[in-house]
Amino acid sequence: MPTVDEAKSMARAMESALRAKNLTITHGECLDIVACQFGLKDWNVLAAQAKRSDAAARRRIALLKGWALLAEHRDAYDHGSDDDTTAPGGAAALIRHDPVLGPRRYPDPARAFGCYVQTVSAVPFHGRRVAIGAKLRCQDVTHGATLWARVDAMPGHTFAFDNLKEASGGWLFGSAPWTERQVVMDVSPDAISLHFGFFIKGRGALWAADFRVEEAAAATLTTPPVPPSARPHGWITPTNLTFSEVIDLSAA
């Protein structure tokens, strides 16, 4: 995808070449022809995609401090800080399923899952009820998007987890303006870590802003109450010691 300036230069070169052969064509028509060369409907579509590509390129070289993206194919997502003037608090983070590379990495959109996570110590919250909230907005989300939180002990043991799947109006679908979402859970005195973030399943885009992690009033209900649970231990074990397993990032 060319930048906007590169596409305009291509259109000017085409216009000059055609006029040299006594063919009259407007600059606007040249812009549309350049867009068609890239398989796009017209100049407006190309300009919008080019600006989005430029923003994505800037995000790729700027990490969000304290946050990490989890995804089977990270390159299938445009993610990071986004200049959204409508964002509460003035700043937002974005996870967008790339419309070109995303379908190649995930032919079945139901398997696509991109998630931002932050992990902090649970010690300051021991014995307390914690509310984790944020403002979210989404665009063309196919399989759901929302925030989530988890309280862990050692790897493989979870005290509490909630992704609002069972909550009324917990997940966002399609396109929605800025909407408040909140998870409330108890932090065990034996907890080690607190994890929280936001995710998108399938295709589309999700923005998050104004995250808050704070103590909730004792009368505030958890969302919903989640009993302690255990899952198979998730120890990190030695792997690929012969360097024979290679992940091909260019594979379709």
Side-chain angles (χ1 to χ4, degrees), residues 56 59-82 84 87-89 91-98 102 105-106 111-125 130-138 141 143-167 170-172 179-188 191-214 216 222-223 226 229-236 247:
R59 279 190 283 271
R60 282 194 291 271
I61 59 173
L63 298 178
L64 279 173
K65 181 181 178 180
W67 294 90
L69 181 79
L70 303 180
E72 181 182 4
H73 300 290
R74 289 168 52 89
D75 61 345
Y77 294 93
D78 170 16
H79 63 94
S81 177
D82 188 56
D84 189 334
L94 163 71
I95 308 175
R96 176 186 285 117
H97 186 266
D98 186 275
R105 294 287 187 257
Y106 300 99
R111 291 194 56 193
F113 180 85
C115 171
Y116 257 126
V117 58
Q118 184 166 150
T119 298
V120 301
S121 172
V123 173
F125 306 103
V130 174
I132 299 159
K135 299 290 197 308
L136 306 175
R137 80 172 179 92
C138 64
V141 171
H143 289 71
T146 194
L147 57 75
W148 65 277
R150 191 179 76 233
V151 179
D152 282 356
M154 61 183 178
H157 188 84
T158 295
F159 285 116
F161 171 78
D162 192 5
N163 65 1
L164 298 178
K165 188 173 184 179
E166 304 302 325
W171 284 30
L172 299 173
T179 305
E180 175 74 19
R181 286 293 183 268
Q182 179 175 265
V183 168
V184 180
M185 56 180 50
D186 293 326
V187 179
S188 167
I192 294 174
S193 57
L194 172 64
H195 313 263
F196 57 89
F198 57 103
F199 68 83
I200 178 172
K201 287 178 62 66
R203 295 169 184 166
L206 175 67
W207 288 261
D210 195 25
F211 249 90
R212 302 172 307 284
V213 181
E214 55 198 9
T222 57
T223 55
V226 180
S229 63
R231 64 182 189 275
H233 289 302
W235 309 119
I236 298 175
I247 299 174

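Index from 1, following the sequence.
- Contact annotation: the side chain of Phe199 never approaches that of Val117 to less than 4.5 Å [non-hydrogen atoms, C-beta and beyond].
- Residues Ile132 and Phe211 meet the side-chain proximity criterion, which asks for heavy atoms closer than 4.5 Å.
- No side-chain donor-acceptor contact under 3.5 Å links Tyr77 to the backbone of Gly102.
- Scanning both residues, Ala91 and Ala209, for their nearest heavy atoms gives O-CB, 3.4 Å.
- Residues Gly202 and His143 approach most closely at CA-ND1, 3.7 Å, considering heavy atoms.
- Take Gln118 and apply the side-chain hydrogen bond (donor to acceptor under 3.5 Å, both in side chains) test, not counting sequence neighbours, and it matches no residue.
- In this structure, the separation between CZ on Arg96 and CG on Asp82 is 7.0 Å, given to the nearest 0.5 Å.
- Proximity of Val120 to Val213: side-chain heavy atoms (C-beta onward) are nowhere separated by under 4.5 Å.
- Counting all heavy atoms, side chain and backbone alike, Val151 lies closest to Ala191 at CG1-CB, 3.4 Å.
- By the 6.0 Å contact criterion, CZ on Arg212 is enclosed, its count of non-hydrogen atoms from other residues, nucleotides or ligands being greater than 12.
- For the pair Leu172 and Thr146, the minimum side-chain heavy-atom distance is 4.5 Å or more.
- Here the CZ atom belonging to Arg181 is positioned 11.5 Å from the NZ atom belonging to Lys135, to the nearest 0.5 angstrom.
- Listed here is the closest heavy atom pair of Leu206 and Ala145: CD2-CB, 3.8 Å.
- Remark: the backbone N or O of Thr158 is not paired with any side-chain donor or acceptor of Arg150 at under 3.5 angstrom.
- Side-chain contact between His79 and Arg74 is present, with heavy atoms from C-beta onward closer than 4.5 Å.
- At least one donor-acceptor pair closer than 3.5 Å links the side chain of Trp171 to the backbone N or O of Asn163.
- With rounding to the nearest 0.5 Å, the separation of CH2 in Trp207 from CD1 in Ile95 is 11.0 Å.
- Note: Phe198 and Tyr116 have tilted aromatic rings, judged against thresholds of 30 and 60 degrees for the angle between ring planes.
- A pairwise comparison of heavy atoms in Val183 and Ala149 identifies CG1-CB, 4.0 Å as the closest pair.
- Between atom OG of residue Ser81 and atom CG of residue Leu64 there is a gap of 5.5 Å, rounded to the nearest 0.5 Å.
- Counting only distance, with no hydrogens or angles, the side chain of Tyr106 and the backbone of His73 share a donor-acceptor pair below 3.5 Å.
- With rounding to the nearest 0.5 angstrom, the NE2 atom of His195 is 11.0 Å from the CZ atom of Phe161.
- Between Ile200 and Arg203, the shortest heavy-atom contact is CD1-O, 4.1 Å.
- Between Phe159 and Asp186, every side-chain heavy-atom pair lies at or beyond the 4.5 Å cut-off.
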